[in-house]
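Structure first, commentary second.
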Number of protein chains: 2
Amino acid sequence: MVGSVTTDELSLVFGALADPTRRAILERLARGDATVNQLAEPFAMSQQAISKHIKVLEKARLVRRTRAAQARPCALDAVRLDAAAGWIAEHRRIWADRYDRLDEHIAHLRERNEP
Amino acid sequence: MVGSVTTDELSLVFGALADPTRRAILERLARGDATVNQLAEPFAMSQQAISKHIKVLEKARLVRRTRAAQARPCALDAVRLDAAAGWIAEHRRIWADRYDRLDEHIAHLRERNEP
DNA sequence: CGCGTACACAACTAAATGGTTGTGCAACGG
DNA sequence: CCGTTGCACAACCATTTAGTTGTGTACGCG
């Protein structure tokens, strides 16, 4: 693609969440910090592949990394998730309003057609 | 990529949301149903490209389409957004718990080191 | 020191993504 | 009936993505 010049934050977050492996990594991290190898262990996938996934999560700022000796433990960063949750919540509200009206409309039709 | 065999629902939804153009389309639709051309108008992009974006949104079941004469109006479908919101909400809760404990821990350290 | 462990970087690849242009086609309006 | 409108399908292309293998390197340990 000719491509968007600046991939915005929200796109990074949603993009990071749009992969089962990465969501599984986040779920694993929710139960406690972990090293790359610990994260890689449950998956039928190379350590390098997991490393790449972690980098995606880092770019989206969903995880932070520290440098502890030879290990590079991963920890969750919730800030960006709030942005995603915020967007969805905002739009769910609008959706919901519209659907309430739609429900009314349908109810109205039913009332006329199924007396 | 060798690829996930079955791209699950959540991935489709997050994937659909991971694009500014598609989010803009959803925002436009939140203000009322629209035809493809109406949706395409604000963008410096061909009608066909918008058509593709809409198809992505349809696959994620974020929009529904009806066939009204020669027009194919688009309308929002909130069901899947709930799934995404649910996932985030669930994990935000876990994150928050962890951060509360972290805050406690930090507070505890401060208490000892900065009397 | 020399080895193992834990990880990252590089190069390669297949497939998906996001765009283009060109074309077809169904429906309405004169 | 014929042109215009509204949209989808197809072929093509560049870029990104998600994986691979191979290799390098920093750190801790005996």
Side-chain angles (χ1 to χ4, degrees), chain A residues 1-26 28-29 33-60 62-75, chain B residues 1-26 28-29 33-60 62-75:
Chain A
M1 181 156 306
V2 156
S4 52
V5 182
T6 55
T7 312
D8 63 301
E9 288 290 348
L10 220 40
S11 299
L12 285 177
V13 174
F14 282 132
L17 294 177
D19 183 288
T21 303
R22 285 194 291 264
R23 287 198 305 277
I25 289 176
L26 290 178
R28 170 67 182 78
L29 286 177
D33 296 358
T35 67
V36 174
N37 282 338
Q38 283 170 349
L39 291 174
E41 190 267 330
F43 300 101
M45 206 181 293
S46 66
Q47 163 258 314
Q48 292 92 326
I50 298 294
S51 221
K52 280 193 183 182
H53 279 303
I54 293 173
K55 204 181 293 186
V56 172
L57 292 168
E58 268 190 294
K59 268 194 186 163
L62 286 167
V63 312
R64 287 170 298 103
R65 318 193 63 174
T66 57
R67 185 177 277 282
Q70 77 275 37
R72 304 285 307 277
C74 300
Chain B
M1 182 158 301
V2 157
S4 51
V5 182
T6 55
T7 313
D8 63 301
E9 288 290 349
L10 220 39
S11 298
L12 285 178
V13 173
F14 282 131
L17 293 177
D19 183 288
T21 303
R22 285 195 290 265
R23 288 198 304 277
I25 289 176
L26 290 178
R28 169 67 182 79
L29 285 176
D33 297 359
T35 67
V36 175
N37 282 338
Q38 284 168 349
L39 290 174
E41 191 267 331
F43 300 101
M45 206 181 294
S46 66
Q47 163 259 313
Q48 291 93 326
I50 298 294
S51 221
K52 280 193 183 181
H53 280 302
I54 293 173
K55 205 181 293 184
V56 173
L57 292 168
E58 267 192 294
K59 268 193 186 163
L62 287 167
V63 312
R64 287 170 297 103
R65 317 194 64 175
T66 57
R67 186 177 278 282
Q70 77 274 38
R72 303 287 307 276
C74 300

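A, B, ... follow the sequence lines: proteins, then strands. Residue 1 opens every chain.
OP1 or OP2 of dC7(D) has at least one side-chain nitrogen or oxygen of Asn37(B) nearer than 4.0 Å. Using a 4.0 Å cut-off, no side-chain N or O of Arg22(B) falls inside it from OP1 or OP2 of dG19(C).
Residue Ile25(A) is tested with Leu57(A), Val56(A), Asp19(A) for a side chain to side chain contact (heavy atoms under 4.5 Å, CB included); the sole match is Leu57(A).
Atom NE2 of His53(B) and atom P of dA16(C) are 18 Å apart (whole Å). With rounding to whole Å, Asp19(A) atom CG is found 14 Å from dA16(C) atom P. If you take CD of Glu58(B) and P of dC9(D), they are 10 Å apart, rounded to a whole angstrom. Nucleotide dT5(D) holds its P atom 15 Å from the CD atom of Gln38(B), rounded to whole Å. With rounding to whole Å, Ile54(A) atom CD1 is found 13 Å from dG19(D) atom P. Taking atom CG of Leu17(A) as the reference point, atom C1' of dT17(D) lies 16 Å away to the nearest angstrom. Between the NZ atom of Lys55(B) and the C1' atom of dG19(C) there is a distance of 14 Å, given to the nearest Å.
Side-chain contact between Leu39(A) and Leu29(A) is present, with at least one heavy-atom pair separated by less than 4.5 Å.
For the contact set between residues 42-52 of chain A and DNA chain D, defined by any heavy atom under 4.0 Å, the members are Met45(A), Ser46(A), Gln48(A), Ala49(A), Lys52(A).
Nearest to the side-chain atoms of Val36(A) among the listed nucleotides dA8(C), dG19(D), dA8(D) stands dA8(C).
At distances below 3.5 Å, not a single donor-acceptor pair connects side-chain atoms of Arg22(A) with backbone N or O atoms of Leu17(A).
Here the straight-line distance linking atom CD of Gln38(B) with atom CG of Asp33(B) works out to 9.5 Å at 0.5 Å rounding. Distance check, rounded to the nearest 0.5 Å: OG1 of Thr21(A) to CD1 of Ile50(A) gives 6.5 Å.
The shortest non-hydrogen separation linking Ala60(B) to Ala16(B) is CB-CB, 3.8 Å.
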